[in-house]
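Here's the structure, in structure tokens; my notes come after.
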Amino acid sequence: MAITKANSLKGEIKIPGDKSISHRGVMFGAISEGITELTGFLDGADCRSTIGCFKAMGIDINQENDHVIIHGKGLHGLKKPSAMLDVGNSGTTTRLISGILAGQSFVSSLNGDESIQKRPMGRIIAPLTLMGANIRSIKDNECAPLEIGGSKLKSIHYNSPVASAQVKSCILLAGLYAEGTTSVTEPVVSRNHTELMLSGFGADIKSQGLTASIVGGPKLVGQKIDVPGDISSAAYFIVAGLICPNSDLLIKNVNTNPTRAGIIKVAKAMGGNIELLNERIVSGEPVADIHVSTSNLKGCEVSGDIIPTLIDEIPVIAVMAACADGTTIIKDAAELKVKESDRIATVTENLSNMGCDITPTEDGMIINGGTPLKATTVNTYLDHRIAMSFAIAGLVAEGETTFDDEKCCQISYPDFFKTINTIFNK
Ligand code: S3P
């Protein structure tokens, strides 16, 4: 695939389902009683990994593209898998399923690809161990492969050192299997899909300020969930519509949950023409259509409590900053180093290769925007968000932007390049 400079981007885009909500729909459906039906499911490799893990534990799941039916077997209905569970490239699968596995009477193990085997799991091993779980890193390096389960859990209160919805959700899911109330306090609030969705399945779960708590042993009941479009996938087209000339895009049916929607605030702070239309609630989540058009952008600071609400969008926000006049400072985002790639390093390398003035820092980056970008071969490090963010940079760069790998987009947005074609030079 080669991306060239766009003269204009115009049209309506339908964004694939939210990845975080799709994972949770499968997991919570599997441990609920009766049928859970998901429409608008993200049919990407990460969510398929979650389906594969629960099938391996005896759950019947029928998937046809974005329509999934899960025949749940209740909190205690999972079966010991006959082989190691394969979590693929998915951090969400790994950390959330670990909370569920910790509460099982059987011992299981899980592993994933090379990237997963480098991602920090000490952050879930520590709290699960405090709950009495048997969980260990098989190579003793605080990473996958992990062995988990076979013990009784007790409830705890945990002060999490990181703002991470994966850590929070892992503990809350383990809390389903513990007697009494389990709670987690985060330094900054992270995405709250677990709290919203589990409550719909019948759990006694609350959040107050920085603390989320859950009461163990509920009866969970299958639900119908209409999964909204993923703002992390919409982000590429939000930025594309703002930075490309003669552009006007309507991005339909996007989840605008405030714990996810930081990119909208940043786009506005940079002077972007962006508006939310047709705001509504779908399956308990706020949803809107997002309208963007070509804008004169200026740099801004992105730091503090907003960071967890846009953590996955920082690579494409960096591309937006490269196209803005003036300086953008991104800080308080050290978590970027432990994503699918070290995104401080991989964003810096690719933006520098395109001619942008960017300096990496310990917890972010400083971007002096406004220099015209030139095409490059993107070094993706097999990170889907790096591939797609730099495809968007390619739409304003002089020359042909190519990729060392483009299959990694399958993780979260299999039709990404097709969607670009539907709006390119229209
Ligand atoms: C996710 C939480 C975030 C995010 C990831 C999905 C989730 O990770 O980066 O893509 O679904 O809970 P952290 O919670 O570890 O920051």
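Note that the numbering runs from 1 along the sequence shown for the chain. Every heavy atom of this structure was used, including side-chain atoms; hydrogens, water molecules and symmetry mates were not. Remember, it's 1-based here, ligands and their atoms both numbered in the order they're listed.
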Q. Around atom CG of Asp305, are there more than 12 heavy atoms of other residues, nucleotides or ligands at under 6.0 Å?
A.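 No.
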Q) Does NZ in Lys152 sit with more than 12 non-hydrogen atoms of other residues, nucleotides or ligands closer than 6.0 Å? A)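 Result for NZ/Lys152: open.
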Q | Arg260 and its side-chain hydrogen bond (donor to acceptor under 3.5 Å, both in side chains) partner, picked from Asp230, Thr309, Asn192 | A |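 It is Asp230, the one option of Asp230, Thr309, Asn192 that forms the side-chain hydrogen bond (donor to acceptor under 3.5 Å, both in side chains) with Arg260.
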For [atom], find the nearest protein heavy atom and state the residue, atom name and distance (0.1 Å precision).
atom: atom 8 (O) of ligand 1; result: Lys339 NZ, 3.1 Å
atom: atom 4 (C) of ligand 1; result: Asp312 OD2, 3.2 Å
atom: atom 15 (O) of ligand 1; result: Ser164 OG, 3.0 Å

Would you check whether [X] has a nitrogen or oxygen atom less than 3.5 angstrom from a nitrogen or oxygen atom of ligand 1?
X: Ser20; result: yes
X: Ala165; result: yes
X: Glu335; result: no
X: Gln166; result: yes

Q. Using a distance-only test with no angle check, is there a side-chain donor-acceptor pair under 3.5 angstrom linking Ser283 and Asp226?
A.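 Checked: Ser283/Asp226 side chains show no N/O donor-acceptor pair below 3.5 Å.
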Q: Rounded to the nearest 0.5 Å, what's the gap from CG on Leu249 to CZ on Phe237? Could you check?
A: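 It comes to 8.5 Å.
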Q. Rounded to the nearest 0.5 Å, how far does CD1 of Ile263 lie from CD1 of Ile311?
A.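 Those atoms lie 12.5 Å apart.
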Q. Can you find a non-hydrogen atom of Arg24 under 4.0 Å from ligand 1?
A.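 Within the 4.0 Å threshold, so yes.
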Q.
Once you measure the plane-to-plane angle for Tyr236 and Phe416, does it fall in the parallel (<30°), tilted (30-60°) or perpendicular (>60°) bin?
A.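 If you compare the ring of Tyr236 with that of Phe416, the planes turn out perpendicular.
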Q) Which part of His23 is near ligand 1, with near meaning a heavy atom under 4.0 Å away: side chain, backbone, both or neither? A)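 Contact part for His23 vs ligand 1: neither.
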